[in-house]
Amino acid sequence: MPLLYDRISVKNFKSIKDVTLDLGKLNVLVGPNGSGKSNLLEAFLFARSVVRPASFPPYPFAPWWGYQNIVFGQDTKNNVEFRVEGKTGKGVPFSYSFVLNGAGDNVNLLDEDLRVGDELNFQRRGSLISIENGKVSQAQMQARPGINDRYAINLKDNRYSIFSLMMALSTEKYGAYEDRYLALRPDLVEAAAPVILAGRPENLSAFDEVFQSFFKDVLYLSYESSLAKAPIPPLTGVGTHGEGIASSLFSRYGVSIPGGYLNDFLKEYGLSISYNLWHGQAVSLKLVEQGLQLDVPGIPDGYLKMITILHMLDMRPSLLLIDELENSLHLKLIELAISAFRSFEGKVVVTTHSPMVVDLVDPSELILLEKSSKENEVPSTVAMRVTDPEKIKQRLARDGLALSESWLYGDLEENLG
């Protein structure tokens, strides 16, 4: 089972001053242009680049051309804050949060908190990390020299997250006891010895899962056909715009797509996949439709987008984020995608402007976004859910209205909270 991201809180990111959302299996963000739908998805993308930086040293502001373009009101005195709460596959709760400032385009992580279960707590304040360990017994101390209830570690560089400091994790047994030997990067911390974590087995296993998977298992797609169709070097993963889809499929599966969401789609539509290999330097996709081979220029955009979405589902992320689901997709493909999202073991968040998408989902799956309009304040994103989905469905059935009509013409707003 993947990690479950149950609740997120975002402060001072782009148009979002302060938004907290509980995430269900399928979450459909709707609202007018400029209401903050894409910004909410990008908040995850930003948080992932802080937690799991793509470059060293990290510079998570690059996709937005600087900190001033991501901080609320472009006021660099504000700190961006992000928090997520969830559970591991076995139901152990965890939470993680950070507070970051980038004034002068300098990355400065001010605060971080990572809690796993009811025993393990990593707390960062400025350049000091305090680790509260699981309760260590006298017998464990005797069996395992160097193990402590608490650790204090000084950081050399405030640009790096707690997860970047953790270089390796191993399990070691001493008699009847099991602990986790956590090696930290010596170039980033002033620590005389590795950290040895103790605790109940379920909390230690949960820490393993969070350490290995957290935010590596969040995939984001803002599909762009021209980038998805471009040849790309082998062994490249799927990018945020669909680039690398051919390379990812080729390196994972070759021409034999295993059972799963993508395989089911290809069979239903009479399709198969092959590849163009450009002198071993690049890979592009070929689609075979009832014996007719289609090179990249002839592949319908809707097919290629569905292939990308379903391949991402087959990668089994904990959280899949898709901006503007309906673009390039026929209604039947949208319906197929939503059906796949509901059967998927992880969670999905999509944005849409389309009444067709709204009419395919349940009122409980909608999150309505709008901009606040308080006088003398910078407009900020407000997110609301339907408070009584069953009441809405009964009223729509009584009045003969579609959910999209209620959304577009305002009656839905009286049932929001």
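Residue numbers start at 1 and run along the sequence shown. Predicted, not measured: the structure shown is a model, and the values here were computed from it.
Partners of Ser380 according to the side chain to side chain donor-acceptor pair (under 3.5 Å) rule, which considers only residues two or more places apart in sequence or in another chain, are Ser372. In terms of the side chain to side chain donor-acceptor pair (under 3.5 Å) criterion, Arg115 has no residue partners (sequence neighbours excluded). Taking the side chain to side chain donor-acceptor pair (under 3.5 Å) definition, one finds that His353 meets it with Asn33, Lys37, sequence neighbours left out. Every residue was checked against the ring-ring contact (aromatic ring centres under 6.0 Å, His included) condition with Tyr151, not counting sequence neighbours, and none meets it. Taking Asn39 as the reference, Lys14, Ser15 meet the side chain to side chain donor-acceptor pair (under 3.5 Å) condition, with sequence neighbours excluded.
Shortest non-hydrogen contact noted between Leu325 and Ala337 is CD1-CB, 4.5 Å. In this structure, Gly126 and Asn158 approach most closely via the heavy-atom pair O-OD1, 3.7 Å.
Residue Ile70 holds its CD1 atom at 11.5 Å from CG of Asn78, rounded to the nearest 0.5 Å. Atom OG1 of Thr308 sits about 12.0 Å away from atom CG of Leu219, to the nearest 0.5 Å. In this structure, OG1 in Thr352 is found 8.0 Å from CG in Asn327, a value given to the nearest 0.5 Å. Distance check, rounded to the nearest 0.5 Å: CG of Leu368 to OG of Ser35 gives 9.0 Å. The structure places CG of Leu100 at 12.5 Å from CZ of Arg159, a figure rounded to the nearest 0.5 Å. Between Leu266 atom CG and Ile273 atom CD1 the span is 5.0 Å, to the nearest 0.5 Å.
The aromatic ring centroids of Phe46 and Phe44 lie 6.0 Å or more from each other. When ring centroids are compared, Tyr67 and Tyr59 stay outside the 6.0 Å threshold. The distance between the ring centers of Phe163 and Tyr96 falls below 6.0 angstrom. Outside the 6.0 Å centre-distance limit, the rings of Phe82 and Phe13 are not counted as a close aromatic pair.
Judged purely by distance below 3.5 Å, without hydrogens or angles, the side chains of Asn203 and Asp118 pair a donor atom with an acceptor atom. Asn79 and Asn101 are linked by a side-chain donor-acceptor pair at a separation below 3.5 angstrom, with hydrogens and angles left out of the test. For the residue pair Asn276 and Asp295, a side-chain donor N or O sits within less than 3.5 Å of a side-chain acceptor on the partner. At a cut-off of 3.5 Å, with distance as the only test, a side-chain donor of Arg385 or Asn27 sits close to an acceptor on the other residue. No side-chain donor from either of Gln123 and Ser130 sits under 3.5 Å from a side-chain acceptor of the other.
The residues Asp6 and Lys87 are annotated as salt-bridged, a charged nitrogen and a carboxylate oxygen being separated by less than 4.0 angstrom. A salt bridge is defined here as a Lys NZ or Arg NE, NH1 or NH2 lying under 4.0 Å from an Asp or Glu carboxylate O, and Asp301 with Lys229 meets this definition. Ion pair Glu335/Lys332 not flagged as a salt bridge, since none of the NZ, NE, NH1 or NH2 atoms sits closer than 4.0 Å to an Asp/Glu carboxylate oxygen. Salt bridge status for Lys156 with Asp187: absent, with no side-chain N to carboxylate O gap under 4.0 Å. Ion pair Arg83/Glu81 not flagged as a salt bridge, since none of the NZ, NE, NH1 or NH2 atoms sits closer than 4.0 Å to an Asp/Glu carboxylate oxygen.
Using a distance-only test at 3.5 Å, with no hydrogens or angles considered, a donor-acceptor pair links the side chain of Asn69 to the main chain of Trp64. Within the 3.5 Å criterion, the main-chain N or O of Asn154 finds no donor-acceptor partner in the side chain of Ser127. In this structure, Ser247 contributes its side chain and Thr236 its backbone to a donor-acceptor pair below 3.5 Å. Remark: the backbone N or O of Val92 is paired with a side-chain donor or acceptor of Thr88 at under 3.5 angstrom.
With a 4.5 Å cut-off on side-chain heavy atoms, Phe98 and Ile162 do not count as touching.
Among Leu45, Val51, Val50, the single residue meeting the side-chain contact (heavy atoms from CB on, under 4.5 Å) criterion with Arg48 is Leu45.
Residue pairs meeting the ring pair (Phe, Tyr, Trp, His ring centres under 6.0 Å) criterion with at least one member in residues 227-266, sequence neighbours excluded, are Phe250-Tyr275, Tyr253-His311, Phe265-Tyr269.
Annotation: cation-pi geometry satisfied between Arg185 and Tyr160 (NZ/CZ under 6.0 angstrom from ring centroid, within 45° of ring axis).
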